[in-house]
Amino acid sequence: MNARILILDDEPRMCRLLELVLKEQGYTIQTAADGEEGVILWKNWLPDLVISDLKMPRMDGLEVLRYRNGHFPETPFILLTAFGTVKTAVAAMKEGAFDYLTKPVDHTQLRDLVARALEEYGPGRSQRMIGNSAAMHALHKEISLAASTDSSVLIIGESGTGKELAARAVHDGYGGEKSPFVRVNCPAIPAELLESELFGHKQGAFTGATKDRRGAFAAADGGTLFLDEIGDLPLSLQPKLLHAVEQKLITPVGTTTPKKIQVKIITATNRNLEAMISDDLFRQDLFYRLNTLTLRLPPLREHKEDIEELALFFIEQFRKKNGGPAIRPTPDTLARMRSYDWPGNIRELGNVIERGCLRAENGVFTEEMLPKKMIAANKDANTDPATTAPLDLIGRERGLIMQALEQCYWNQTRAARQLGITRNTLRYRMKKFGIKKG
Ligand SMILES: Nc1ncnc2c1ncn2[C@@H]1O[C@H](COP(=O)(O)OP(=O)(O)OP(=O)(O)O)[C@@H](O)[C@H]1O
Ligand SMILES: [Mg+2]
């Protein structure tokens, strides 16, 4: 398992030694020379486990442990102590440390302890999908079915409905934690590099190919390859992907001998692939190959019964990350959430909760802490447009564009897709309405 481990020790030799032993086990390591530096790394790198020396300048091991309790209580923490400070170490365990190791560190003990801590805290295990509605129950059944075969799975659904989470759930059921799960986000990789990203290449195959590269298929061998946003896969690569999926053979760029691979393929998209097929933007034969099984993620407005549970879940996530008192939404806040349509689905709900939690006063999350548009949207819903004031078309269009941009974190490609217009059209409108990020 490729867990990330952060090591804090002011003695560089100690850091190097631990790093060496643990790297051999396949872990990824970062080190820091004191608590303060360690905390900065912790926040940015989000390790799965932290090993910290007790005595360090600036911020010592116990202070780091307290930081962990406040910010990352889900991350196992192992304390390193010199002989003679074992009492403190025992006290640290009472405060939440997983265990302690005494110096000089016994390598076997170190390896065992780390493996045990990671197993108990289960990093890499996917986030559970929240929701108890009939729609979610049906989805869970479909996920189990998809996990029980080698067949390819296509996941469709609007943006923010949980496609990536569903892909991981299928993988967990299919291969479990021990087999690899490799995700490739197709639009994030320039078209000319995607082939080698997927199939690997041989050193010297093209300018810049300074070393052999395995590629995503080979990395996922024996497990799952998740091709996210498959609608963005360039047409030129589609025959090669079809060939790889059908024949279970890949040919790295710059080689001629195909390699056998055994990979479960999961793909996801929020685009309408059938429409893309009619427009000659997606190959029909590939489409049929990829969607042996289809999982459709319902938009949140179709399972509003889950809103409250999801909201409480996101509030708890916020508290775990930021500490502070418990936060509770008022009944009015929950009612507002239920009557809103959630075009950005569960992702949008998560964002709304995070913003609300930041503004909550004395642990109370009132409806004023919801985005204005949610309150306005509710009012609109009760008025018949035919009998009210003239339609404010420009205002509405501007509003829709703003909404899409905010939901997509100002990613114009995505926002355009959500609005069903091209990116150029979006840019043109943004200019026309004077919309700028800010
Ligand atoms: N059922 C769920 N329970 C808890 N969290 C969820 C659930 N579904 C989605 N989420 C959370 O909502 C966010 C969006 O989910 P995800 O990234 O899987 O959506 P997506 O369908 O892939 O969206 P996009 O098409 O924009 O990529 C993530 O933070 C995810 O953890
Ligand atoms: Mg996604």
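Positions are given from 1, in the same order as the sequence printed here. All values below were derived from every heavy atom in this structure, side-chain atoms included, with hydrogens, water molecules and symmetry-related copies excluded. In this text, all values refer to a predicted model and were calculated from it rather than measured experimentally. When a ligand or atom number is given, it counts from 1 through the structure's own listing order.
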inquiry  = Test your reading of the structure: does Lys163 have an N or O sitting under 3.5 Å from an N or O of ligand 1?
reply    = yes
query = Salt bridge check: are Glu302 and Arg296 linked by an N-O gap of less than 4.0 Å?
reply = yes
request  = For the residue pair Tyr340 and Trp342, categorise the inter-ring angle as parallel (less than 30°), tilted (30 to 60°) or perpendicular (more than 60°).
outcome  = perpendicular
inquiry  = Check the orientation of Phe77 and Trp42. Use parallel for under 30°, tilted for 30 to 60°, and perpendicular for over 60°.
reply    = parallel
task = For residues Phe206 and His201, establish whether the separation of their ring centroids is below 6.0 Å.
result = yes
query = Would you say ligand 1 has an N or O under 3.5 Å from any N or O of Met129?
reply = no
message = To the closest 0.5 Å, what do you measure between CG (Asn272) and CG (Leu281)?
response = 11.5 Å
Protein residue, atom and distance nearest to atom 17 (O) of ligand 1, heavy-atom basis = Arg347 NH2, 3.1 Å
remark   = Contact region, Leu310 to ligand 1, non-hydrogen atoms below 4.0 Å, reads side chain
ask   = What's the shortest distance from atom 11 (C) of ligand 1 to any protein heavy atom, and which residue and atom give it?
value = Ile346 CG2, 3.9 Å
ask   = Between Ala268, Cys408, Ser159, which one has a non-hydrogen atom sitting closest to atom 26 (O) of ligand 1?
value = Ser159
Check ion pair Arg58-Glu63 (N to O, under 4.0 angstrom) = no
ask   = Salt bridge or not for Arg336 and Glu368, using N-O below 4.0 Å?
value = no
query = Under 3.5 Å, N or O to N or O, is Ile130 touching ligand 1 that way?
reply = yes
key: Distance flag for atom 1 (N) of ligand 1, protein heavy atom under 4.0 Å   = yes
key: Heavy-atom nearest neighbour in the protein, as seen from atom 15 (O) of ligand 1, with distance rounded to 0.1 Å   = Gly162 CA, 3.7 Å
key: Presence of salt bridge, Asp232 and Arg271, under 4.0 angstrom   = yes
task = Considering only non-hydrogen protein atoms, determine which one is nearest to atom 23 (O) of ligand 1 and report residue, atom name and distance to 0.1 Å.
result = Gly160 N, 2.8 Å
request  = May I ask you to say whether Asp221 pairs ionically with Lys248, meaning some side-chain N is under 4.0 Å from a carboxylate O?
outcome  = no
Atom 6 (C) of ligand 1: any protein heavy atom closer than 4.0 Å = yes
inquiry  = Out of Arg417, Glu229, Arg168, who is nearest to atom 27 (O) of ligand 1 when you count heavy atoms only?
reply    = Glu229
task = Please determine if Met136 has a nitrogen or oxygen closer than 3.5 Å to a nitrogen or oxygen of ligand 1.
result = no
task = Measure up the Phe282 and Phe287 rings against each other and bin them: parallel (under 30°), tilted (30 to 60°), perpendicular (over 60°).
result = perpendicular
key: Nearest-contact summary for atom 30 (C) of ligand 1 - protein heavy atom, Å   = Leu165 CD2, 4.1 Å
ask   = Is any NZ, NE, NH1 or NH2 atom of the basic residue among Glu354 and Arg359 found under 4.0 Å from an Asp or Glu carboxylate oxygen of the other?
value = no
query = Does ligand 1 have an atom that lies less than 4.0 angstrom from a heavy atom of Gly350?
reply = no
inquiry  = Tell me the contacting part of Asn270 for ligand 1: side chain, backbone, both, or neither, using a 4.0 Å heavy-atom threshold, strictly below.
reply    = side chain
task = Name the closest protein heavy atom to atom 22 (O) of ligand 1, giving the residue it belongs to and the distance to 0.1 Å.
result = Glu164 N, 3.3 Å
